[in-house]
Asker: 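Handing you a structure now.
In what follows, residues are counted from 1 in the order of the sequence shown.
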Amino acid sequence: MSLISADQILSQGAYFALVPVLPLLLTMRLGDDNGLWAAWAIGALTLMTRGGSLFVAPVLHRMSVRTSLRSALGLIAIAYCVIAISESPLVLVAALGLAGLGFSANGTSVRSFVVLSTADRARQNRWFSVIQVVANSCAALGPILGSFVFDGGLYVQFLIGLSGVFVLAAVLVPFTVPRGVLLSQGSSRPPLKWGIVRELFKTPEARRITVIAICGSVLMGQFFSSFALVFSAVSDDPLTRALFYSLNGVLVVAIQLPVSFVIERLMRRGVSLLAILLGGVVVLGGAMILFIFEEGEFAVLLICIGVVIFSIGETVFTPVLNVVFSNASAGRPVLESMNMRQLTSAVGESLGSWAGLSVFLFLSDAGLAPAYWLLLTSLAGVAIAAFVVRPVRKL
């Protein structure tokens, strides 16, 4: 638990302190004429943070958890130092891609360690819940720290300081892991890279998990897309709009662990992991219907209730998704399981964000905004159908 907490506080805090001010930092470094380079640099960070571990899965598979953590934290340290001192567009793109790879490999290694350290699914869920709490806390506090440092003109010193902290972490954090814990432990073969796309749809059970995971991730992708547009439409007051975001962050931090204890009890009573995951998707889908109204004080109240329900669904869906994929198939490399989870989340949340910033606007302009929220709610029905419908056996 000490490894998970210390590692995630450092990595998540460093990530969320950088990302909100990164466009400003790159513009300041590269100038207004190099906006395309800034876009490539941010894209490299996003892409590699989301899927970097997929590209290096065979390499990580041959490492111990200690070595993978040391390598990942070392990559971040080098990248932050380069970002602090370089003004070359190409170097900054490469450095941010390297940082993203470090964040991805670090997160995958920590999640893999959770799975390898205990076969108790309830305990796995508890540890993944801790990661969720840390991530949301850092997402709330990191931008404040980053903005304060940037406004004070101290960003170079801050990045170099963080680089030094990551070097220290690369030396110390791996010692919290027992010696000899290999990422290949319990696997019957090396992890696939792009072959995991086929694995996601290979068996009826895999297809069922994939459909439910993508439906839930599409709904999760609404928070910083369609939700943001509704928050702006329902109120001109910046404090009211900030309240919606803060409400989600505070709730997730406050109720994540109590919700995980409830989930543990359900697991011990024999409720299947997939049924619990489906429950999270249904709660997320149910929240969408409350965003139909966009005018008046009643709309503000309904949206607040919607954010509360969404937050409850998030505390169920996100940690359990890790547990579902890590226990989906015996003998599957743990890195492959974590990459499958990461891929479904990336695809689903990307689709959700795209829909929230395109389909929602199109339907809103046509006066059909309620149809969008009804479509999102229907995704819960799709997930239920995937769970209930069983494949027909061929005679």
Asker: Do S217 and S345 touch side chain to side chain, with heavy atoms closer than 4.5 Å?
Answerer: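 Counting from C-beta outward, S217 and S345 do come under 4.5 Å.
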
Asker: Can you see whether T318 engages E314 through a side-chain donor-acceptor pair at a distance of less than 3.5 angstrom?
Answerer: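 Side chains of T318 and E314: no pair found under 3.5 Å.
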
Asker: When you compare the side chain of R121 with that of L273, does any pair of heavy atoms fall below 4.5 Å?
Answerer: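 Yes. Closest side-chain heavy atoms under 4.5 Å.
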
Asker: If you define the side chain from C-beta out and look only at heavy atoms, does anything of V281 sit under 4.5 Å from L379?
Answerer: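 A side-chain contact is absent here, since even the closest heavy-atom pair is not under 4.5 Å.
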
Asker: Take V230 and I303 through the side chain to side chain contact (heavy atoms under 4.5 Å, CB included) test and state the conclusion after the steps.
Answerer: CA-CA 9 Å; V230 171; I303 290 172; 3.4 Å; yes

Asker: Who clusters with I85? Use side-chain heavy atoms, under 4.5 angstrom, across I, L, V, M, F, W and Y, and order the result by chain and number.
Answerer: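 V156, I160, all in the cluster of I85.
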
Asker: Is there a donor-acceptor pair closer than 3.5 Å between any side-chain N or O of S326 and the backbone N or O of V323?
Answerer: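 It does hold such a pair.
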
Asker: For residues 88-101, please give each side-chain donor-acceptor pair under 3.5 Å, one per line with the distance, not counting sequence neighbours.
Answerer:
unit_1	atom_1	unit_2	atom_2	d
S88	OG	V91	N	3.4

Asker: Any luck finding a side-chain donor-acceptor pair between Q256 and N136 under 3.5 Å?
Answerer: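 Result is no, nothing qualifies.
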
Asker: Run the numbers on Q342 and T108 for side chain to side chain contact (heavy atoms under 4.5 Å, CB included), then give the verdict.
Answerer: CA-CA 9 Å; Q342 190 71 12; T108 299; 6.0 Å; no

Asker: Mind checking ring-ring contact (aromatic ring centres under 6.0 Å, His included) for F317 and listing every partner two or more places apart, or none if nothing turns up?
Answerer: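 In terms of ring-ring contact (aromatic ring centres under 6.0 Å, His included), with neighbours along the sequence ignored, F317 is linked to no residue.
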
Asker: I'd like to know whether E336 forms a salt bridge (charged side-chain N to carboxylate O under 4.0 Å, His left out) with R189, so could you lay out the CA-CA distance, the side-chain angles of the two residues, the decisive distance to 0.1 Å, and finally the verdict.
Answerer: CA-CA 10 Å; E336 186 174 297; R189 57 172 175 78; 2.7 Å; yes

Asker: Can you name the side-chain contact (heavy atoms from CB on, under 4.5 Å) partners of L10, sequence neighbours left out?
Answerer: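 So L10 forms a side-chain contact (heavy atoms from CB on, under 4.5 Å) with V165, F166, A169.
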
Asker: With distance as the sole test, does T315 use its side chain to make a donor-acceptor pair with the main-chain N or O of I312 at under 3.5 Å?
Answerer: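 Here the side-chain-to-backbone pair exists.
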
Asker: I'd like to know if the side chain of T67 reaches the main chain of M63, judged simply by a donor and an acceptor atom lying under 3.5 Å from each other, with no hydrogens or angles considered.
Answerer: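 No.
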
Asker: Who passes ring-ring contact (aromatic ring centres under 6.0 Å, His included) against F55, sequence neighbours left out?
Answerer: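 For F55, the residues satisfying ring-ring contact (aromatic ring centres under 6.0 Å, His included) (neighbours in sequence not counted) are W194.
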
Asker: Under 4.5 Å between any side-chain heavy atoms of L274 and E205, yes or no?
Answerer: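 Counting from C-beta outward, L274 and E205 do come under 4.5 Å.
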
Asker: Answer with yes or no whether the hydrophobic clustering places L351 together with L200; edges join I, L, V, M, F, W, Y residues whose side-chain heavy atoms lie under 4.5 Å apart.
Answerer: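 Yes, same cluster.
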
Asker: So which heavy atom on A213 is nearest to which on T344, and how close?
Answerer: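 A213 and T344 have their closest heavy atoms at CB-OG1, 4.0 Å.
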
Asker: Please test S225 against S353 for side-chain hydrogen bond (donor to acceptor under 3.5 Å, both in side chains), starting from the C-alpha separation and ending with a verdict.
Answerer: CA-CA 5 Å; S225 56; S353 297; 4.6 Å; no

Asker: So, using ring-ring contact (aromatic ring centres under 6.0 Å, His included) as the criterion, who are the partners of Y372 when residues are at least two apart?
Answerer: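 Partners of Y372 under the ring-ring contact (aromatic ring centres under 6.0 Å, His included) test: F360.
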
Asker: Determine yes or no for a side-chain-to-main-chain donor-acceptor pair under 3.5 angstrom, with Q222 supplying the side chain and G352 the backbone.
Answerer: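 Between the backbone of G352 and the side chain of Q222 there is a qualifying donor-acceptor contact (under 3.5 Å).
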
Asker: When you compare the side chain of W127 with that of D120, does any pair of heavy atoms fall below 4.5 Å?
Answerer: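 Result no, sub-4.5 Å side-chain heavy-atom pair not found.
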
Asker: In the hydrophobic clustering that connects Ile, Leu, Val, Met, Phe, Trp and Tyr at side-chain heavy-atom distances below 4.5 Å, which members other than V167 occupy its cluster, ordered by chain and number?
Answerer: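 Result for V167 is none, singleton.
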
Asker: Quick one: list whatever passes side chain to side chain donor-acceptor pair (under 3.5 Å) with R62, sequence neighbours left out.
Answerer: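 Listed in chain order: nothing, the list is empty.
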
Asker: Salt bridge check, R332 against E199: does any charged N sit closer than 4.0 Å to a carboxylate O?
Answerer: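 A salt bridge is present here (some side-chain N lies under 4.0 Å from a carboxylate O).
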
Asker: When you measure from the side chain of S86 to the backbone of I83, do you find a donor-acceptor pair of N or O atoms at a distance under 3.5 Å?
Answerer: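 Looks like no, no N/O pair under 3.5 Å.
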
Asker: Filter on ring-ring contact (aromatic ring centres under 6.0 Å, His included), then keep only pairs touching residues 169-192, sequence neighbours left out; what's left?
Answerer: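 Qualifying pairs, neighbours excluded: none.
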
Asker: Go through the steps to decide whether W373 and I289 satisfy the test side chain to side chain contact (heavy atoms under 4.5 Å, CB included), and finish with yes or no.
Answerer: CA-CA 6 Å; W373 302 111; I289 203 74; 5.5 Å; no

Asker: Is H61 close to S187 at the side-chain level, that is, under 4.5 Å between some pair of heavy atoms?
Answerer: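 A side-chain contact under 4.5 Å exists here.
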
Asker: Quick check for you: to the nearest 0.5 Å, what is the distance between M338 atom CE and F113 atom CZ?
Answerer: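 Going from CE on M338 over to CZ on F113, the span is 14.0 Å.
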
Asker: I'd like to know if the side chain of R66 reaches the main chain of V177, judged simply by a donor and an acceptor atom lying under 3.5 Å from each other, with no hydrogens or angles considered.
Answerer: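 Yes; judged by distance alone, with no hydrogens or angles, the pair exists.
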
Asker: Parallel, tilted or perpendicular: which describes the rings of Y80 and F103, with under 30° parallel and over 60° perpendicular?
Answerer: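 Taking F103 first and then Y80, their aromatic rings stand perpendicular (interplane angle over 60°).
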
Asker: With a 4.5 Å cut-off on side-chain heavy atoms, are L116 and V334 touching?
Answerer: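 Sidechains of L116 and V334: in contact.
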
Asker: Examine the side chains of N125 and S260 and answer whether a donor and an acceptor come within less than 3.5 Å of each other.
Answerer: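 Result is no, nothing qualifies.
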
Asker: For N106 and S11, work out which heavy atoms get closest and say how close.
Answerer: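 Minimum heavy-atom contact is ND2-OG, 3.4 Å.
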
Asker: Could you walk me through whether R50 and E349 pass side chain to side chain contact (heavy atoms under 4.5 Å, CB included), step by step?
Answerer: CA-CA 11 Å; R50 278 295 191 182; E349 290 181 21; 2.6 Å; yes

Asker: Going by the ring-ring contact (aromatic ring centres under 6.0 Å, His included) test, which pairs reach into residues 200-222, not counting sequence neighbours?
Answerer: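 Passing the test, one end in residues 200-222: no pairs.
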
Asker: Got V320 and F128 here, is their nearest side-chain heavy-atom distance under 4.5 Å?
Answerer: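 No, side chains not in contact.
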
Asker: The criterion is ring-ring contact (aromatic ring centres under 6.0 Å, His included); which residues satisfy it with F310, sequence neighbours excluded?
Answerer: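 Only F223, F227 meet the ring-ring contact (aromatic ring centres under 6.0 Å, His included) criterion with F310.
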
Asker: Would you tabulate the side-chain donor-acceptor contacts of residues 381-389 under 3.5 Å, counting partners in other chains and residues two or more places apart, or write 'none'?
Answerer:
none

